[in-house]
Protein chains: 2
Amino acid sequence: MSDRKDANEVTADDVAQAAGVSRWTVNRAFKPNASISAKSRQTVMEAAEKLGYAPNLLAASLASDRSNLVALLVDDFSNPHKLVMMERLTRVLRKNGWDTLLVNMLDKDDAPGALLSASQRRVDAAILIGVQFDDDVLSAALGARRVKKLIIFARNSENPDTISISVDDHAAMTEIADYVMGRDYQRPFFLAGPQTKSAHLTRQEAFVARWQEHRGMTPEVADVPSYDPGMAYSAIIDRLSERQPDAFPDVIVCENDALAIGAMDALRHHFNLRIPEDVAVTGFDDVPAAANPNYRITTYRQPITRMAERLVTLLSGELEQTENQQFLGQMVIRNSA
Amino acid sequence: MSDRKDANEVTADDVAQAAGVSRWTVNRAFKPNASISAKSRQTVMEAAEKLGYAPNLLAASLASDRSNLVALLVDDFSNPHKLVMMERLTRVLRKNGWDTLLVNMLDKDDAPGALLSASQRRVDAAILIGVQFDDDVLSAALGARRVKKLIIFARNSENPDTISISVDDHAAMTEIADYVMGRDYQRPFFLAGPQTKSAHLTRQEAFVARWQEHRGMTPEVADVPSYDPGMAYSAIIDRLSERQPDAFPDVIVCENDALAIGAMDALRHHFNLRIPEDVAVTGFDDVPAAANPNYRITTYRQPITRMAERLVTLLSGELEQTENQQFLGQMVIRNSA
DNA sequence: TTGTAAGCGTTATCAG
DNA sequence: CTGATAACGCTTACAA
């Protein structure tokens with residue numbers, strides 16, 4: 001049945017033999033700062049090259065209990081920003097010698113299963129870039145000691161055993177609020193994503209607080225069950241239909257671009273309104289589509305690459321951090337507000 | 001230094017001891033159709049549950065030389081369709097017990113490196129969903145015996161040692177051509193993606209051939225270096241600026257939706273043209289944005305889920321296929337043409 | 001700097 | 001159906 005196991009099953013022993021050294025020397029040759037003479041290393045590398053040897057990472061992981069593998073747990077694939085994050089993360093990780101196991105959280109209750117999958121491959125860390133990881137799930141996961149490190153990427157978490165690498169949502173949203181107030185909009189409407197139990201309502205809270213503080217009134221808020229342009233589209237229609245002009249918002253501040261795109265589509269194609277003349281819109285993330293001439297969204301860009309680089313230092317353990325890492329991004333002013 | 005190795009390091013031996021059986025029996029309990037009595041299995045499972053045991057897949061893979069791991073090699077993250085494919089693929093794979101290693105091909109010449117990464121984790125197969133795998137790369141990869149199976153997903157390949165699972169591009173594009181001709185467009189323009197050496201020019205060729213056959217003239221063709229809406233936007237502007245109205249195409253047939261989106265944006269926002277009144281546009285893939293009210297693209301939907309399911313049967317070896325697998329999708333008629 | 005012994009946690013295979 | 005032996009290919013000591 002299995003006729004594999006032909007060539008390519010070259011082991012360190014084979015190389016050792018070919019190079020006339022011991023297996024352990026072969027090993028050292030492949031380890032960046034091992035104590036090995038330059039000469040030995042070269043002999044080994046030549047033999048390895050000739051035989052087509054590459055270390056078996058499975059065996060290495062088993063023997064060493066570190067795998068140089070991280071799991072990326074994702075749940076909301078409808079948000080286009082996920083594609084950007086996945087690209088950046090895998091790029092930076094791979095450049096630094098880490099491989100990525102992509103785990104699709106199939107549904108709301110799949111978090112434990114997803115984490116289990118990851119742990120069975122002995123990943124060194126699990127990186128969460130989904131939305132459905134509330135603190136209950138995290139505690140359960142950590143309680144079960146499923147993974148060594150749990151890192152929440154691009155989202156806050158209050159869980160003390162978890163490290164989050166994210167943008168300073170409060171600062172970012174305050175900046176957006178100030179910008180919007182600076183343009184003198186009067187009737188704000190905040191469009192939020194899923195209202196889970198964890199701490200990621202920061203954006204909404206920050207906006208609302210800032211507006212209250214400066215204008216003495218509480219902005220209207222609506223939420224959708226997932227970061228999906230289609231859901232945002234429907235939500236806006238549901239919520240704003242049959243509204244008198246003077247009760248219609250003049251600016252819709254969205255928790256992210258996925259929602260902003262849906263909102264803009266609804267505004268233009270359902271309500272037949274112009275943006276920003278009739279209603280302005282702001283987003284968050286600066287997804288690729290935000291720059292396209294149809295949208296030209298005024299949004300906020302997270303420094304994903306820098307965040308990914310921080311992640312790498314966290315993984316390598318250089319930084320014995322347990323504190324959450326906060327970054328500052330920058331507003332990108334375009335035409336939608 | 002390492003204070004891990006606390007709990008969770010439960011092995012089959014521990015469970016065996018707790019359950020009063022041998023390690024091998026524990027193992028059998030976790031294997032679907034192993035010869036083990038129902039009673040033994042239950043005892044084992046209870047003990048396992050209590051101790052929180054889960055098989056170490058690293059060790060299993062090492063010992064068995066099958067890993068139940070596949071690598072997904074991706075290179076063009078700017079195409080939104082990739083997100084859809086990744087979601088479907090990981091979903092179907094995981095449901096069937098396969099894990100996914102996501103490998104980002106960092107640049108044009110990274111294919112060998114990416115394949116090497118995958119092979120070092122001893123993946124059972126590498127699935128290619130990028131564009132830069134031309135037949136040279138594939139041959140090299142196979143020559144180096146890097147991976148056991150190489151599967152090209154959603155794209156054709158002529159390489160005989162490779163299996164491709166894709167839509168029947170010829171049939172699909174012929175259907176689109178017929179549709180376009182049926183609407184009586186006269187001046188077609190085909191917008192193609194990267195012109196690599198492999199066989200994926202089928203769409204372009206099919207369209208051109210069909211048009212020639214029925215109309216006796218060769219459609220104009222342009223190509224862009226990557227499936228990126230932004231590139232398509234620029235390409236359309238470069239190519240069509242300063243053209244007299246009667247030389248301007250009345251339908252732009254795009255190799256996929258990523259290009260169609262860029263083309264539509266250029267047509268509307270740069271040339272100030274209406275779609276489909278002034279110029280019609282067709283796409284391919286039916287990405288989520290194709291359905292949004294801004295675009296409403298007439299496109300072609302690939303049966304990704306069925307294709308992913310076929311992939312799984314291919315992986316499990318039930319099908320000792322070496323032939324390429326072709327699927328039929330369906331046209332989705334919307335407003336853009 | 002280099003070699004050696006003892007595992008890492010499974011599975012294939014064969015004996016009972 | 002169950003138990004035992006020998007790998008799988010590497011790493012972590014530690015000794016030479």
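Just the heavy atoms: all of them, side chains too, but no hydrogens, waters or symmetry mates, feed the values below. Here is how names work: the chains are called A, B, and so on, in the same order as the sequence lines, proteins then strands, and each is numbered from 1.
The separation between B:L58 atom CG and D:dC10 atom P is 13 Å, rounded to whole Å. Atom CG of A:N68 is separated from atom C1' of D:dC10 by 14 Å (rounded to the nearest Å). In this structure, A:F30 atom CZ and D:dG9 atom P are separated by 15 Å, rounded to whole Å. Taking atom CD on A:Q42 and atom P on C:dT1, their separation rounds to 17 Å, with Å as the unit. The separation between B:R66 atom CZ and C:dA12 atom P is 9 Å, rounded to whole Å. With rounding to whole Å, B:N56 atom CG is found 5 Å from C:dT10 atom P. As rounded to whole Å, 14 Å separates atom C1' of C:dG9 from atom CZ of A:R121. Look at CG on B:D13: it is 11 Å from P on D:dA4, rounded to the nearest Å.
You'll find a donor-acceptor pair under 3.5 Å spanning the side chain of B:W24 and the base of D:dT5, going by distance alone. Counting atom types as modelled, A:R41 pairs no side-chain N or O with a base atom of C:dT1 as donor and acceptor under 3.5 Å.
Contact annotation for A:L62: base contact, defined as any heavy-atom pair under 4.0 Å involving a base atom. Contact annotation for A:N27: base contact, defined as any heavy-atom pair under 4.0 Å involving a base atom. Within the nucleic acid shown, A:S61 has no heavy atom closer than 4.0 Å to any nucleic acid atom. Within 4.0 Å (heavy atoms only), B:K39 reaches no atom of the nucleic acid at all.
Looking at A:T25 and A:S22, their side chains do bring a donor and an acceptor atom within 3.5 Å of each other.
For the salt bridge (charged side-chain N to carboxylate O under 4.0 Å, His left out) condition, the pairs that include at least one residue of residues 22-47 of chain B, sequence neighbours left out, are B:D13-B:R23. Annotation: salt bridge (charged side-chain N to carboxylate O under 4.0 Å, His left out) contacts involving residues 81-91 of chain A, sequence neighbours excluded, comprise A:D76-A:K82, A:E87-A:R91.
Checking C:dT2, C:dT10, D:dT2 against every side-chain atom of A:T25, the shortest atom distance belongs to C:dT2. Of the listed nucleotides (C:dG7, C:dG3, C:dT2), C:dG7 has the atom at the smallest distance from the side chain of A:A63. The side chain of B:R28 sits closest to D:dG3 out of D:dT11, D:dG3, D:dC8.
Contact annotation: B:S22 reaches the phosphate of D:dG3 (side-chain N/O to OP1 or OP2, under 4.0 Å). Phosphate contact (OP1/OP2 of D:dT12, side-chain N/O of A:K31, threshold under 4.0 Å): present. The side chain of B:S37 contributes an N or O atom lying less than 4.0 Å from OP1 or OP2 of D:dT2.
In terms of modelled atom types and a separation under 3.5 Å, the side chain of A:N56 and the main chain of A:L58 share a donor-acceptor contact.
Distance check: B:D99 CG to B:L72 CG gives 12.5 Å after rounding to the nearest 0.5 Å.
Stem regions for DNA chain D, each three or more consecutive Watson-Crick or G-U pairs with both distances under 3.5 Å and listed by first number, read C:1-16 with D:1-16.
Using a 4.5 Å heavy-atom threshold, the side chains of A:Y227 and A:P194 count as touching.
Using a 4.0 Å cut-off between a side-chain N of Lys or Arg and a carboxylate O of Asp or Glu, B:K148 and B:D124 qualify as a salt bridge.
Taking both residues in full, the closest heavy atoms of A:A19 and A:T43 are given as O-CG2, 4.0 Å, listed atom of the first, atom of the second, then distance.
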